Amino acid sequence: MDIRAQAVRSFRLRAHHLDKMLPSGQIETAAGACGVQNSPPGAWETALFNRVEGCTLPELHDALYRRKTLLQAWSYRGVPVVFPTAESGIFLSPLAALEGEAPWIYTRGIALALEHLQMSFDSLLPLVKQAAGYLDAHTVQGKETLDRVLADAVRERLPSEKRTLWDSPSMYGAPDRQTVGGAAVSFLLRPCSFSGLVVFGCRRGGSPTFASFRSWLGRAPETPPDADRLLVRKFLHCHGPSTPALLAEWLGCSPAQARRLWNSVAQELEPVSVEDKARWFLSADRDALAHPCGPQERLLLLGPHDPYLDTRDRDVLLPDKALQKLVWRTVGNPGAVVLDGRISGVWTARTVRDRLELSVTAWQAFSARQQSMLEIRAQEYAAFRGLSLLKYTLEDG
């Protein structure tokens with residue numbers, strides 16, 4: 001089977017619920033496709049604005065903070081992700097590495113702290129997990145405070161000769177506010193999350209709070225027996241056809257761990273060539289890939305780190321390498337203008353009091369009708385944020 005990039009884009013648009021809006025109220029369906037990253041803060045809200053008809057910020061916050069049908073926790077790549085609470089066992093448990101699988105990409109930086117402490121990763125992680133038990137009975141406000149509180153708890157479990165090293169100023173850029181121990185805890189909060197030991201609670205005064213899964217939801221986390229398989233299916237359905245290497249990049253795990261997870265669906269896979277590159281897809285998705293929809297007229301203003309943009313094979317969405325650097329930056333990604341699955345420009349927005357200024361830079365010529373659609377979408381986004389659109393500009397890039 002040989003398919004073109006356009007067929008892959010069409011397939012992914014449907015999988016991400018971006019070919020057409022989901023009916024009002026289907027928030028969990030949208031978030032459950034492959035999770036919704038929430039960095040920068042608010043990214044998850046913009047993602048669901050593009051997927052669910054008429055959704056509002058109060059409705060989203062109600063699902064996350066009051067009804068708790070959604071949950072936010074550190075998940076793949078160690079980033080904050082919002083996903084259906086009922087699927088917590090899929091978005092958390094499979095991410096924990098087994099013995100012999102190298103540490104995750106987001107814990108590699110801990111090497112400096114471990115060397116200073118003269119401790120191993122495997123000896124320190126259990127101590128941090130024990131300290132995280134504090135969250136079963138307490139809520140902590142602010143990430144910096146969380147690091148410090150748990151670092152103090154770990155310190156009490158260390159031999160006396162390690163405590164001076166633990167209390168040394170951090171080598172990671174904030175020695176006046178962070179200790180080596182606090183930095184080590186910060187790295188290890190991600191694997192703690194995979195066990196449900198720490199999740200995000202309500203926001204207070206502009207900063208997040210943290211609790212354990214048990215204290216936030218009143219029950220212990222549950223993991224389905226086929227959680228590994230279910231997670232890889234989500235990845236392949238939203239980002240396939242793909243490869244084990246691309247799965248490893250998406251998860252932020254080692255090649256060994258990615259291969260183990262990939263093998264959980266090995267019997268469900270079929271080979272395919274995408275633009276002359278070997279890939280694999282789920283047999284269940286054969287018809288959707290083989291019969292793509294026609295051109296999608298819907299213009300999208302996708303926010304930074306939208307799940308659709310989270311693909312690792314970026315050439316499928318944007319072949320131009322120079323333009324890729326303008327979309328996927330080291331920090332400060334803009335939003336992406338998407339037409340028919342392809343990235344056709346970027347957009348940025350800023351708030352001026354209770355009003356929004358939104359600027360679009362186009363990389364292709366838009367028709368008068370498409371230009372009107374873009375401005376309407378900008379107005380809708382401002383309203384979604386509870387703002388009026390002060391200024392809208394469209395310029396060629």
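Start at 1 with the first residue, then count along the sequence. Predicted model, so just to flag it, every value in this text is computed and none were measured.
The closest donor-acceptor contact from the side chain of Gln371 to the backbone of Phe366 lies under 3.5 Å. Checking side-chain atoms of Gln257 against main-chain N and O of Leu95 turns up a donor-acceptor pair under 3.5 Å. Arg342 places no side-chain N or O within 3.5 Å of a backbone atom of Leu317 that could act as its donor or acceptor partner. Judged by distance alone, with hydrogens and angles left aside, the side-chain atoms of Arg77 form a donor-acceptor pair with the main-chain N or O of Trp250 at under 3.5 Å. Judged by distance alone, the side chain of Ser207 and the main-chain N or O of Arg204 form a donor-acceptor pair under 3.5 Å. Between the side chain of Tyr308 and the main chain of Ala47, no donor-acceptor pair closer than 3.5 Å is present. Here the side chain of Lys162 pairs a donor or acceptor atom with the backbone of Leu117 at under 3.5 angstrom.
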Start with the C-alpha distance between Phe187 and Tyr172, add both sets of side-chain angles, then the distance that settles ring pair (Phe, Tyr, Trp, His ring centres under 6.0 Å), and finish with yes or no.
CA-CA 11 Å; Phe187 280 110; Tyr172 294 100; 5.2 Å; yes
Take Glu45 and His61, measure what side chain to side chain donor-acceptor pair (under 3.5 Å) needs, and give me the verdict at the end.
CA-CA 9 Å; Glu45 300 160 347; His61 296 168; 2.7 Å; yes
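No option in Leu236, Ile3, Leu269, Thr243 other than Thr243 meets the side chain to side chain contact (heavy atoms under 4.5 Å, CB included) test with Arg279. Each of Gln37, His16, Arg51 was compared with Asp306 under the side-chain hydrogen bond (donor to acceptor under 3.5 Å, both in side chains) criterion, and only Arg51 meets it.
Between His138 and Tyr134, the two ring planes are parallel [angle under 30°; tilted spans 30° to 60°]. The aromatic rings of Phe194 and Tyr106 stand perpendicular to each other, their planes meeting at an angle above 60°, with 30° marking the opposite boundary.
When ring centroids are compared, His237 and Phe11 come within the 6.0 Å threshold. Aromatic ring centroids of Phe210 and Trp74 lie under 6.0 Å apart. Taking the six-membered ring wherever Trp is involved, the centroid distance between the rings of Tyr381 and Phe49 falls below 6.0 Å. Taking the centre of each ring, Phe200 and Tyr65 stay at or above the 6.0 Å mark.
Heavy atoms from other residues, nucleotides or ligands lying under 6.0 Å from NZ of Lys277 number 12 at most.
Geometric assessment of Arg377 against the ring of Tyr392 yields a negative cation-pi assignment under the 6.0 Å and 45° thresholds. A cation-pi contact, defined as under 6.0 Å to the ring centre and within 45° of the axis, is absent between Arg155 and Trp166.
A donor atom on one side chain and an acceptor atom on the other are found under 3.5 Å apart for Thr46 and Arg385. Residues Thr311 and Arg12 have side chains that bring a donor and an acceptor to within less than 3.5 angstrom of each other. Side chains of Ser24 and Glu53: no donor on one and acceptor on the other come within 3.5 Å. Side-chain N/O atoms of Ser120 and Asp122 include no donor and acceptor closer than 3.5 Å. Looking at Thr209 and Gln141, their side chains never bring a donor and an acceptor atom within 3.5 Å of each other. At a cut-off of 3.5 Å, with distance as the only test, a side-chain donor of His116 or Ser168 sits close to an acceptor on the other residue.
With respect to Asp62 and Arg67, a salt bridge is recorded, a charged nitrogen being found less than 4.0 Å from a carboxylate O.
Of all non-hydrogen atoms in Cys34 and His239, the two that sit nearest each other are SG-NE2, 4.1 Å.
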